[in-house]
Amino acid sequence: MRHVVGLGEGRGGAGGGGASFSGFLSPAKVEHSTLGESPAMKRARVAATGPKAEFFDDAGLDDGDVALAGKVGSLNGELLAEFESLLAFYASKKTEPWRERQYRKIVAVLKNLPFRITCLEDLNRPQCAVLNGGHTRTRVEEFLRRGKIQLAQNLQNDPRTVAISMLMNFGVQGGKGKYGSYVGTSTAEKWYDSGITTLPQLQHRIESDPTFLTHNQRVMWDFRSDFSQRVPRREVELIADVIAGVFPSSSVVEVMGSYSRGAPDCGDIDLLVTCHGDVGRRCSEAVEALTKAQFITATLRDSHHAPGAHSGQWMGGCRLASLVPARPGFADYTLHRRLDIKVYPPKFRAFAQLYFGSGQEFNRAIRLFATRQGYTLSDQGLRRATRGKNEKGEYGTLWEGPLLEDPSGCNWTTEASIFEFLGLPFIPLEDRDNGIGVARLEAMARAQATKPAAEEDCFIVPTDPRSVVAAANLQRLAPLPSLAEGWRSNGIVALDCEFVGVGRNTSGIGGERNALARASVVSYSGDVLLDTFVKVEEPVTDFRIHVTGLTQANLDQGISFQEARDHVIRLLEGRVVVGHSLAHDFKVLNYHPPAVLLRDTSSCPHLRPGDKGKSLKALSEQHLGVKIQDGTHCSVEDARAALYLYRSVQDLWDPTPPVLGTSAKAEALDKHLTEAAENMAAPVATGHNEPLAQHFDRLAARSHHYAKDHYVRVSRTLRSLPYHLQSPKDLLRPELRCVGRGKAHADIVRMLHEGVNEVNKGA
DNA sequence: CGGCTGTACTG
DNA sequence: CAGTAC
DNA sequence: GCCG
């Protein structure tokens, strides 16, 4: 049961700040405790005891260490300072986002490590994982030996780093780690390169040129002094009450961020509002009222009021003073505060809590974990997803399913349900921003990775001893093509079904329609994931026993059609499906995955039929040298046969993974790709667009991060095109979609008109 | 060698 | 698209 | 920078 502080009660008990803001009496509930433990902390603490203790046992920690956790930091002060210098250096360089991240993790761990590092062996403790890599371990070793890290010493006073850090924080000390100034590494570097290196210079430039700053930068500049002040808990609570006052009474307002972790004061205020109805509209209405009341004093970001949006959000500055008149003996609340408000419908509440209650690294870690499990996790739910490389070699989401329901039936009411779904122990709030939770997630991920393919995914009803015997021939096939990485083994299954005839028996051969009687799915390694008989609702008019070998007794052992279909879809969804004449199977299953995911051995250009035709039996004999379907068919055997046929030509037929959009877009995209494939002449030598490609190589060489990735993609795509790019119209072709509509597009158009050299002269 | 969270704003 | 935020 |  959650602890809910109603408005009337909370105020009186808290000793009364004397705040009376008529018109802003909060109808909504505010969830926070005015003293001691917050409900979120309590929730976390209660749920934490089991798994946390386990983790620390594994970690080889004793209770003393645990007790220290949370109020340490000075234990490794000197080492921390060294790494903070290194972090500052890399954080000032836009070319080093990943090193920066790594150092950020290192610093986070050192700040919270419950023991002092005195020897190299300490690095073997699991919490020190990030310190135990190649470079970092060497640096720590150097520190233990000489009491300092030379590189850090050298970089510590690097004037460029110092200046850029100053610019990124508008000269405010202790910046970073609270909220952004809207001046990142790129802008700061630009300013630095233009000669702005000191605060007075920056100030002069800002004052003399009214267009120098963007709107958001201007807000952060104007309020930089107020925003840098910590907000006491008491004021956070008052502000939460104000916000609650402008939302419907059924809403719930929760204070997230450092407040929820018990901090005595906060850098900014992060509020999660859960309300029914159109969250976008509720958010807009609230912001409007707060602006009218002069509570909101600046806006940094406001979600457009899009009806039916999944969330509404507003970011900006606020001040209590207009609502809480100054009175002698009480704080006058004149400081402006950074406030974020996010509004979600109840179904996303736990996801939003998870996101806004955790630190960045924890969120990245748990989302990465979800991805590795075949899901994608965000503040707006959980979906099935497969990731891999598409045909252009870009890494990304190949397929994404609809929002998942909570299998526990609790409708994702708690964060715990999300952890449970992902197979993770509940990680308490206090461990979600200090590196400990991240370390636990990474440990879980590693454990998961070494676990064999999920056996609980398999659903096997003992069917027919022949399936084992018959398939043995195929199992002996060796050597199989080496298992390629990623999607080439994980994302592929093979399907085969057996049918019996139902309906009016007109011709004497079979019923007029097919009914599913047995379904089999095997993994890339040939293991049976599903094999079951299926009950047939209608009377069977033809068992086709010479082919299927099935009898009424077999079907009676089976599961219902609906059940079988669910199992099949669960195993096939988002995966490449191999089979022979799959159309029949999908028609009967009434399930139609996008064509880009299908590999039908009956129509494979690399499996040329021989004299005996292109039946599965003939192809197996011809290409695999194996006799199958000797007597009646076995769907496991047939699925394996199709799988091994596929694997025998996989490199030729299927060198790269399929491209897919999200569910809604999938069909359209699939159509595009099919058309593109048809339009495109048979593959010919590549390299037709070398000069264009080289242009993007040059751009890539001097770009960074996302921009660099983009140019590399464009270059690669241009090189691999089987035709000359001649007119801007060609850019409309789907295979060139990755060019986008921006600079790359413009450059290509210009180069087509003016020639490559002209364009490069300009650049 | 190449991936490293996911979403959404502003300019 | 690039930059930035959370 | 780290990891597989």
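Order of the sequence lines sets the chain letters (A, B, ...), proteins ahead of strands, with each chain counted from 1. None of the values given here were measured: they were computed from a predicted structure.
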Q) What nucleotide among C:dG3, B:dG11, C:dC6 has an atom nearest to a side-chain atom of A:S186? A) C:dG3
(Q) Using the ring-ring contact (aromatic ring centres under 6.0 Å, His included) criterion, which residues pair with A:F419? Sequence neighbours excluded. (A) A:F426
(Q) From C-beta outward on A:R301, which listed nucleotide comes closest to its side chain: B:dA8, C:dT4, C:dC6? (A) B:dA8
Q) Among C:dT4, B:dC4, C:dA5, which nucleotide sits nearest the side chain of A:W98? A) B:dC4
Q. For the side chain of A:R139, counting heavy atoms from C-beta on, which of C:dA5, D:dG1, C:dC6 is nearest?
A. D:dG1
Q) Within the pair A:R137 and D:dC2, is there a side-chain N or O less than 4.0 Å away from OP1 or OP2? A) no
Q: Look at all strands and tell whether A:E96 reaches a base, only sugar-phosphate, or nothing, counting heavy atoms closer than 4.0 Å.
A: nothing
Q) Rounding to the closest angstrom, what is the interatomic distance between B:dT5 and D:dC3 at atom P? A) 15 Å
Q | Closest to the A:R367 side chain, choosing from C:dT4, B:dA8, B:dT5 | A | B:dT5
Q) Is A:R218 salt-bridged to A:D222, cutoff N-O under 4.0 Å? A) yes
Q. Cut-off 3.5 Å, side chains only: do A:Q156 and A:E82 have a donor facing an acceptor?
A. no
Q) Within the structure shown, what part of the strands sits under 4.0 Å from A:S358 by heavy-atom distance: base, sugar-phosphate, or nothing? A) nothing
Q) Counting side-chain heavy atoms from CB outward, which of C:dG3, D:dC2, B:dT5 is closest to A:Q360? A) B:dT5
Q. Would you say D:dG1 has OP1 or OP2 under 4.0 Å from some side-chain N or O of A:Y90?
A. yes
Q: With sequence neighbours left out, write down each residue that passes ring-ring contact (aromatic ring centres under 6.0 Å, His included) with A:F170, or none if nothing qualifies.
A: A:W221
Q.
So that I can tick it off, tell me whether A:E96 and A:K93 are bridged by a salt bridge, with the cut-off set at under 4.0 angstrom between side-chain N and carboxylate O.
A. no
Q: Quick one: label A:T187 by what it contacts on the DNA or RNA (base, sugar-phosphate, nothing), any heavy atom closer than 4.0 Å.
A: sugar-phosphate
Q. Of all the choices, D:dC2, B:dT5, C:dC6, which nucleotide is nearest to the side chain of A:Y355 once you look at every atom?
A. C:dC6
Q. What is the nucleic acid contact for A:H310, judged by heavy atoms within less than 4.0 Å: base, sugar-phosphate only, or nothing?
A. nothing
Q. Roughly how far apart, to the nearest Å, are B:dG3 and C:dC6 at atom C1'?
A. 22 Å
Q | A:E361/A:R101 ion pair, N-O < 4.0 Å | A | yes
Q: Would you mind telling me which of B:dA8, B:dC9, C:dC6 lies closest to the side-chain atoms of A:S303?
A: B:dC9
Q | Any A:Q380 side-chain N or O less than 4.0 Å from OP1/OP2 of B:dA8 | A | yes
Q) With a 4.0 Å cut-off on heavy atoms, is A:I106 in touch with a base, just the backbone sugar-phosphate, or nothing at all? A) nothing
Q. When all nucleic acid strands are considered with a 4.0 Å heavy-atom cut-off, which category describes A:R338: base, sugar-phosphate, or nothing?
A. sugar-phosphate
Q) Where the side chain of A:L368 is defined as all heavy atoms beyond and including C-beta, which of D:dC2, B:dG11, B:dC4 is the nearest nucleotide? A) B:dC4
Q | Nearest listed nucleotide, side chain of A:D379, among C:dC6, D:dG1, B:dT7 | A | B:dT7
Q: Quickly work out the A:H745 NE2 to C:dC1 P distance and round it to whole Å.
A: 10 Å
Q | Touch class at under 4.0 angstrom, heavy-atom based, for A:K105 against every strand present | A | nothing
Q) Counting only side-chain N and O atoms of A:T376, is one of them less than 4.0 Å from OP1 or OP2 of B:dG6? A) yes
Q) Can you find a side chain N or O atom of A:Y182 that sits less than 4.0 Å from OP1 or OP2 on C:dG3? A) no
